[in-house]
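What follows is a short report on a single structure.
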Protein chains: 2
Amino acid sequence: MTTIKDIAKAAGVSVTTVSRALNGYSDVNEKTREKIIAVSKELNYSPNILARGLVMNKSKTIGLLVSGMTRQSLKDNLTFEVLCGINQFSAETDYDLILFSTDSTKQREKTYSQLCRERQVDGVIIQGIRTDDPYLQEVLESDIPCVLIDIPIESETVGCVTTDNVLGAKEAVNHLLSLGHQNIAMVNGHDFAFVSQKRLEGYKLALQEKNIPYRAEWVVNGAFREEQAEYEVYGLLERNPEITAIFCASDVMAIGAIKAIKTRGLSIPEQISIVGYDDILLATYITPALTTMAQDIYKMGYEAAKLLVKMLENKAESHQKLLETQLIIRESTTRYNS
Amino acid sequence: MTTIKDIAKAAGVSVTTVSRALNGYSDVNEKTREKIIAVSKELNYSPNILARGLVMNKSKTIGLLVSGMTRQSLKDNLTFEVLCGINQFSAETDYDLILFSTDSTKQREKTYSQLCRERQVDGVIIQGIRTDDPYLQEVLESDIPCVLIDIPIESETVGCVTTDNVLGAKEAVNHLLSLGHQNIAMVNGHDFAFVSQKRLEGYKLALQEKNIPYRAEWVVNGAFREEQAEYEVYGLLERNPEITAIFCASDVMAIGAIKAIKTRGLSIPEQISIVGYDDILLATYITPALTTMAQDIYKMGYEAAKLLVKMLENKAESHQKLLETQLIIRESTTRYNS
DNA sequence: TTGAAAGCGCTAACAA
DNA sequence: TTGTTAGCGCTTTCAA
């Protein structure tokens, strides 16, 4: 392995000079610099980033704390899309990504800041964390720069990339209202997701503006899982046959809802309209194709990395990035006819 | 940040003793060890892995070189499944994963071994690399332990996880043959994928065993892309209306093929039967549901990580792991009737 | 414009 | 059983 010493020896200078030459300092004779560069090319030299990190106290790595890298979560590849976006941005910089393989077991034995300090990450991006997750509290207390995805918290060291979930949900429900639906149910995720809280808010708001009373028994939790949503919607429709439309807080749950509706012998969209949330890949491929509130998940990842790097370089004016959502109308919604 | 020095001072011993105590060496007085452990718990100490790596010359990290972390490749989340598998295994160990964000630009400016040495990775897993990729040659020349996914190369330092692609393809085609099909076309990936070469072999073999002549003009390349496959199949069917079944070397291409067939006004499976390869998530959700040769991609990732770690610990008896494939019969294939 | 020396946090000979 | 010392590869004062 070629080290800086080898270069110094081969070029007949000191390691100090090599370091300075290679890092672009001005106080190096151009002749010397050229020589050093030539030698290090020849010897295929590449600095040891770990050693550099040790002395500089930064590592040019971004830590990734994602829950949902499990087999089950392959369905909505939200996690993967975020990852792709982050990867794309970091490919444009000299940061590398380190994936903390943390399952629930490890979480208990290693604290967040331990994880980060061990690997000396410069900053962290967190995705898929629940509001009751112990890590979340640690993040806020820690001084390691961090960007949260879809959790609207900001501080000196914490930034956030998200969308306006209240608005998104509201517009999704408005779409159903504009089609003449009045009896609109909702399948939400769970209480420990910020987005669920916000989307419920948007649902209520849309109804309220039309003076339609909110009925708590028409809102069920599907835990963002297809099977759970299917089960819940099946019961929901049994108890409330007057429902003509359902707003689902995720596409995966919408797919579960569709299954339940089909099982009950109802047709989509003729008898029941469905709106999802996310616009995952499956949304376009299932039958009927899903009307949904699209989020640009890839971009969320990209912007999260961008924001974090800005924060690391003290160039961030704002610690919040709000992305747009967009209603995509496909085949699962239609006008209500009594 | 708590360092080993802080612990030493607080515990009233030398750093050496702290190091030994924490690393479980036997030549430490149990009283001293307890004291040290207590202190380091109290101070929330966690060793700096980078510093340790510098002196031990290993970093407890596995490098991941994946191509296909791009926006386009979200469709088949093969890359993601592999990643999940790797992540799962590494979560069971104390290895962390480092993702090399390498796009084609970076590839040219940094060599494989530079990438690895910079970050001092102990070993590498490579996925999605082409046979004509310059990195592949470097991998073989380098002495860094490496596991390749779906590229059957072995050496002192190189291992491989794959399936029997010849057999898989052969069985897929046999399925069509057993349904009475004779005019079976194939949509392959591209010439620079090992799996494509092997699957073509399997296709030929199956035909040969039934004494059906191989017709090169019935094999098209879809580059593993949906649109490309759609385009190619459209032309293929135009030129050869006698084709009654198509074997596709990937599900994504099978989906493209299905689109082309529908566009031509033909029905699946009544007029054309389709067999895919991979069993991606979409395969079950599209209409008609896709008959396909299933690979356990997740397991490939898991086994790749397992093999690599074994190699790193010199416990690997074999450098090759062969996984099973399995034909999943769904709705896209049926008996040929003239 | 250059080099010597110190030190980042850690482990490992060697001595005591 | 413990401590002293050296050193991993690098950057950075400080002096020359």
Side-chain angles (χ1 to χ4, degrees), chain A residues 1-37 39-40 43-61 94 96 113-122, chain B residues 1-37 39-40 43-61 94 96 113-122:
Chain A
M1 223 180 75
T2 322
T3 74
I4 197 171
K5 275 189 195 163
D6 302 323
I7 307 299
K9 201 172 293 172
V13 292
S14 73
V15 291
T16 315
T17 308
V18 175
S19 174
R20 277 191 292 233
L22 259 27
N23 288 310
Y25 282 67
S26 58
D27 56 354
V28 177
N29 184 298
E30 267 315 312
K31 274 268 163 60
T32 322
R33 186 194 305 276
E34 278 166 27
K35 168 97 187 185
I36 289 172
I37 289 178
V39 170
S40 55
L43 296 183
N44 196 21
Y45 171 71
S46 197
N48 183 324
I49 297 189
L50 272 56
R52 177 183 287 166
L54 195 57
V55 35
M56 309 254 292
N57 211 29
K58 56 195 165 100
S59 60
K60 286 282 173 185
T61 50
D94 53 349
D96 278 322
S113 62
Q114 271 182 324
L115 215 53
C116 296
R117 279 179 354 229
E118 272 189 357
R119 292 285 177 182
Q120 297 257 105
V121 299
D122 297 338
Chain B
M1 222 181 76
T2 322
T3 74
I4 198 171
K5 275 188 196 165
D6 302 323
I7 307 299
K9 201 172 295 173
V13 292
S14 73
V15 291
T16 316
T17 308
V18 175
S19 174
R20 277 191 291 232
L22 259 28
N23 288 310
Y25 283 67
S26 58
D27 55 354
V28 176
N29 185 299
E30 269 315 312
K31 274 270 161 58
T32 321
R33 188 195 304 277
E34 277 165 28
K35 168 98 187 184
I36 288 171
I37 289 177
V39 169
S40 55
L43 296 183
N44 196 21
Y45 171 73
S46 199
N48 183 324
I49 297 189
L50 272 56
R52 177 185 288 165
L54 194 59
V55 37
M56 308 252 293
N57 212 29
K58 55 195 166 98
S59 60
K60 286 284 175 182
T61 50
D94 53 349
D96 279 321
S113 62
Q114 271 182 325
L115 216 53
C116 297
R117 280 179 355 230
E118 272 188 357
R119 292 286 178 181
Q120 299 255 106
V121 299
D122 297 338

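Here is how names work: the chains are called A, B, and so on, in the same order as the sequence lines, proteins then strands, and each is numbered from 1. Only heavy atoms go into these numbers, but all of them, side chains included; no hydrogens, no water, no symmetry mates. Since we're looking at a predicted model, the values are computed, not measured.
Between Pro47(B) and Asn23(B) there is no side-chain heavy-atom pair separated by less than 4.5 Å. In this structure, Leu50(A) and Ser59(B) have side chains that are in contact, with non-hydrogen atoms separated by less than 4.5 Å.
On the nucleic acid side, DNA chain D contacts chain B at distances under 4.0 Å to non-hydrogen atoms, with the end points of that region at dT1(D) to dG9(D).
Judged by distance alone, with hydrogens and angles left aside, the side-chain atoms of Arg20(B) form no donor-acceptor pair with the main-chain N or O of Arg33(B) at under 3.5 Å. A donor-acceptor distance shorter than 3.5 angstrom exists from the side chain of Gln114(B) to the backbone of Tyr45(A), with no hydrogens or angles considered.
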Evaluate the side-chain contact (heavy atoms from CB on, under 4.5 Å) criterion for residues Asn57(B) and Gln120(B): first the C-alpha distance (whole Å), next the side-chain angles of each, then the deciding distance (0.1 Å), finally the verdict. CA-CA 8 Å; Asn57(B) 212 29; Gln120(B) 299 255 106; 3.9 Å; yes

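In this structure, Thr17(A) does not reach the dT1(C) phosphate: none of its side-chain N or O atoms is under 4.0 Å from OP1 or OP2.
No salt bridge links Lys31(B) with Glu34(B); every basic N to acidic carboxylate O contact stays at or beyond 4.0 Å. Using a cut-off of 4.0 Å between Lys/Arg side-chain N and Asp/Glu carboxylate O, Lys58(A) and Asp122(A) are scored as not salt-bridged.
Atom pair Glu34(A):CD and dT1(C):C1' shows a separation of 15 Å (rounding to whole Å applied).
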Extract all donor-acceptor atom pairs below 3.5 Å that involve side chains of residues 3-10 of chain A and protein atoms in other chains or at least two apart in sequence.
| from | atom 1 | to | atom 2 | distance (Å) |
| --- | --- | --- | --- | --- |
| Thr3(A) | OG1 | Lys5(A) | N | 3.2 |
| Asp6(A) | OD2 | Thr3(A) | N | 2.8 |

Just by protein heavy atoms under 4.0 Å, how would nucleotides 9-16 of chain C read 5' to 3' in B, S and -? BBSBB---

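The residue Asn29(B) sits close only to the backbone: its heavy atoms come under 4.0 Å of sugar-phosphate atoms, none of a base.
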